[in-house]
Amino acid sequence: MRYDLVIFDNDGVLVDSEPISNRLLAAYLTELGHPTSYEDSIRDYMGSAMHRIHDLVLERTGERLPEDFDDVFHARVFAAFERELKAVGGVEDVLEKLVEDGVAYCVASSGSHERIRVGHRTTGLERFFDDGRVFSSQDVGRGKPAPDLFLYAAERMGVAPERCVVVEDSPLGVQAAVAAGMDVCGFTAMTPADRLAGATQLFSDMRELGDLLV
């Protein structure tokens, strides 16, 4: 294996949550008087920590989102996860191969610890991720595109950044990984390849990932 640590983004990489969460985010922002289409949400917010949504709305409109925005949004998302969420096709095979080969891996997500856990429990991926393998933007001061989260995950896992590879599907995540000095496998299942142009390698099917890591 070319790398000592594989760092997975969560939403859109491990769990197929982006269609669900962006549909609900667009609807909620529109409901609050900030007209947003699903495509707008994917373009502007995919891969973002919650604080970035607040910052962009304030910057664009001069209005602050309600204090309970995060709680209401997460309640809607978690309810939809329970009904609809699936693991990304092929990712369980990738994780099982990493376990079999003894390669270290973890998840580093812009989402909260609660969101990560709900998604993993719903999809059955929790068996791959004990607490020591789960890192959230809640753990650091700045979310993606800052490199802090990926550097923190590598430090906690005891691996130098240059020995890490990040699996990402968002432009913000690719920017963060590059800034951290890590290689990036850009997953283009939902994101046009040109928006992940900074990635070391690109792939469109999770079943291709194993061959990119060796």
Side-chain angles (χ1 to χ4, degrees), residues 7-29 32 34 36 38-61 63-78 80-81 85 88 106-120 129 131 133-157 161 164 166-182 184 186-187 190-191 195-196 198-199:
I7 304 176
F8 291 92
D9 177 40
N10 188 57
D11 294 292
V13 170
L14 294 175
V15 296
D16 194 16
S17 53
E18 294 292 11
I20 300 170
S21 58
N22 282 282
R23 183 186 76 228
L24 294 173
L25 178 59
Y28 189 24
L29 288 173
L32 292 172
H34 307 291
T36 306
Y38 173 77
E39 291 75 18
D40 292 337
S41 183
I42 291 286
R43 182 193 66 230
D44 295 341
Y45 303 119
M46 184 169 152
S48 300
M50 291 300 294
H51 68 79
R52 188 169 184 274
I53 300 172
H54 288 263
D55 292 345
L56 277 179
V57 170
L58 178 61
E59 177 185 315
R60 291 173 172 178
T61 70
E63 299 178 15
R64 294 187 182 277
L65 292 171
E67 288 189 9
D68 65 349
F69 179 87
D70 292 13
D71 291 338
V72 172
F73 176 62
H74 283 132
R76 295 181 182 186
V77 167
F78 295 164
F81 279 4
L85 189 63
V88 169
C106 65
V107 58
S109 171
S110 294
S112 66
H113 278 280
E114 183 183 13
R115 178 180 172 126
I116 297 167
R117 283 304 185 200
V118 169
H120 288 186
F129 293 95
D131 289 344
R133 297 181 190 269
V134 177
F135 306 103
S136 161
S137 62
Q138 290 179 310
D139 301 326
V140 295
R142 298 181 300 168
K144 305 169 189 178
D148 304 33
L149 176 56
F150 290 138
L151 292 172
Y152 175 75
E155 180 183 9
R156 290 290 302 273
M157 297 294 290
C164 299
V166 176
V167 185
E168 262 289 355
D169 71 328
S170 76
L172 294 175
V174 170
Q175 291 172 43
V178 170
M182 301 176 181
V184 195
F187 187 38
M190 277 194 63
T191 308
R195 297 199 68 211
L196 302 180

Note to self: Distance alone, cut at 3.5 Å: any donor-acceptor contact between the side chains of Asn10 and Ser109?
What the structure shows: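 The answer is no; no qualifying pair exists.
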Of all pairs that satisfy salt bridge (Lys or Arg N to Asp or Glu O under 4.0 Å), the ones with a partner from [range], not counting sequence neighbours:
| range | value |
| --- | --- |
| residues 166-179 | Lys144-Glu168 |
| residues 13-29 | Arg23-Glu84 |
| residues 147-157 | Arg142-Asp148 |

Next item on the list: Determine the minimum heavy-atom distance between Thr191 and Pro171, stating which atoms define it.
Entry: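 Reported closest heavy-atom pair: CG2-CD, 4.2 Å.
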Checklist line | For Leu32, side-chain contact (heavy atoms from CB on, under 4.5 Å) partners two or more places apart | finding: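 Here the qualifying residues are Tyr28, His34, Leu65, Pro66, Phe69.
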Check: Quick one: side-chain contact (heavy atoms from CB on, under 4.5 Å) partners of Val134, sequence neighbours excluded?
Finding: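 Once residues adjacent in sequence are excluded, the partners of Val134 under the side-chain contact (heavy atoms from CB on, under 4.5 Å) criterion are Val107, His113, Ile116, Arg117, Phe129.
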Which residues satisfy the side chain to side chain donor-acceptor pair (under 3.5 Å) test with [X], sequence neighbours excluded?
| X | result |
| --- | --- |
| Asp68 | none |
| His74 | none |
| Ser136 | none |
| Ser137 | none |

Next item on the list: With sequence neighbours left out, write down each residue that passes ring-ring contact (aromatic ring centres under 6.0 Å, His included) with Phe135, or none if nothing qualifies.
Entry: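 Listed in chain order: Tyr152.
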Item checked: ring-ring contact (aromatic ring centres under 6.0 Å, His included) partners of Phe150, counting only residues at least two apart ->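 Scan of Phe150 (ring-ring contact (aromatic ring centres under 6.0 Å, His included), adjacent residues dropped) gives none.
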Check: Which distance, rounded to the nearest 0.5 Å, do you find between the CZ of Arg76 and the CG of Asp71?
Finding: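 Going from CZ on Arg76 over to CG on Asp71, the span is 12.0 Å.
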Item checked: From Met190 atom CE to Arg195 atom CZ, the distance as rounded to the nearest 0.5 Å ->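 The CE atom of Met190 sits 10.5 Å away from the CZ atom of Arg195.
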Expected list for residues 49-56: side-chain donor-acceptor pairs under 3.5 angstrom, two or more places apart:
{"residue": "Arg52", "atom": "NH1", "partner": "Asp44", "partner atom": "O", "Å": "2.7"}
{"residue": "Arg52", "atom": "NH1", "partner": "Ser48", "partner atom": "OG", "Å": "3.2"}
{"residue": "His54", "atom": "NE2", "partner": "Asp70", "partner atom": "OD1", "Å": "2.7"}

Note to self: Check this for me: Arg60, atom CZ, are more than 12 non-hydrogen atoms of other residues, nucleotides or ligands nearer than 6.0 Å?
What the structure shows: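 For Arg60, atom CZ is crowded (more than 12 foreign heavy atoms under 6.0 Å).
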